[in-house]
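Here, residue 1 is the first one in the sequence, and each next residue gets the next number. Note that the structure is a prediction, hence the values are computed from the model and not measured.
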Amino acid sequence: MRQIIIRLHDIAKELGTSFDDPQVVVEFHNRYGGVSEEIYYNLLDPIYFPYNQHLYGVRMEGGKAVAIKKDKDSEWVSIV
């Protein structure tokens, strides 16, 4: 988990934005692919999807989060 946090901070610096900017996690996924369910729920979800932005669902493939759905009627959005 430490390596992921370091990579997220490095990406934020490269993009010239804050660590919790959603662009950071999108770029992380572009570079490194998905993450395990444990990493998603314990690290990424609290930082990039705060309590006031609850998700309806997270699509998992091969043990990695690959898409999110904001509410029941919305489309799945890829995060990889």
Output a table of donor-acceptor pairs, distance under 3.5 Å, between side-chain atoms of residues 1-17 and any protein atom two or more places apart or on a different chain; print 'none' if there are none.
{"residue": "Glu14", "atom": "OE1", "partner": "Arg31", "partner atom": "NH1", "Å": "3.1"}
{"residue": "Glu14", "atom": "OE1", "partner": "Arg31", "partner atom": "NH2", "Å": "2.5"}
{"residue": "Thr17", "atom": "OG1", "partner": "Asp21", "partner atom": "OD2", "Å": "2.6"}

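Note that CD of Gln23 is 9.0 Å distant from OG of Ser18, once rounded to the nearest 0.5 Å. The CD1 atom of Ile68 sits 13.0 Å away from the OH atom of Tyr48 when rounded to the nearest 0.5 Å.
Cluster membership for Leu44 and Trp76, using ILVMFWY side-chain heavy atoms within less than 4.5 angstrom, is not shared.
Residues passing the ring-ring contact (aromatic ring centres under 6.0 Å, His included) test with Tyr32, sequence neighbours excluded: Phe28. Shown here are the side chain to side chain donor-acceptor pair (under 3.5 Å) partners of Asn30, two or more places apart in sequence or in another chain: there are none. Residues passing the side chain to side chain contact (heavy atoms under 4.5 Å, CB included) test with Glu75, sequence neighbours excluded: none.
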Query raised in the report: Going through the distances and angles, do His29 and Val66 end up as a side-chain contact (heavy atoms from CB on, under 4.5 Å)?
Result: CA-CA 9 Å; His29 283 290; Val66 296; over 6 Å; no
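Side chains of Lys69 and Val58 form no contact here, defined as non-hydrogen atoms less than 4.5 Å apart.
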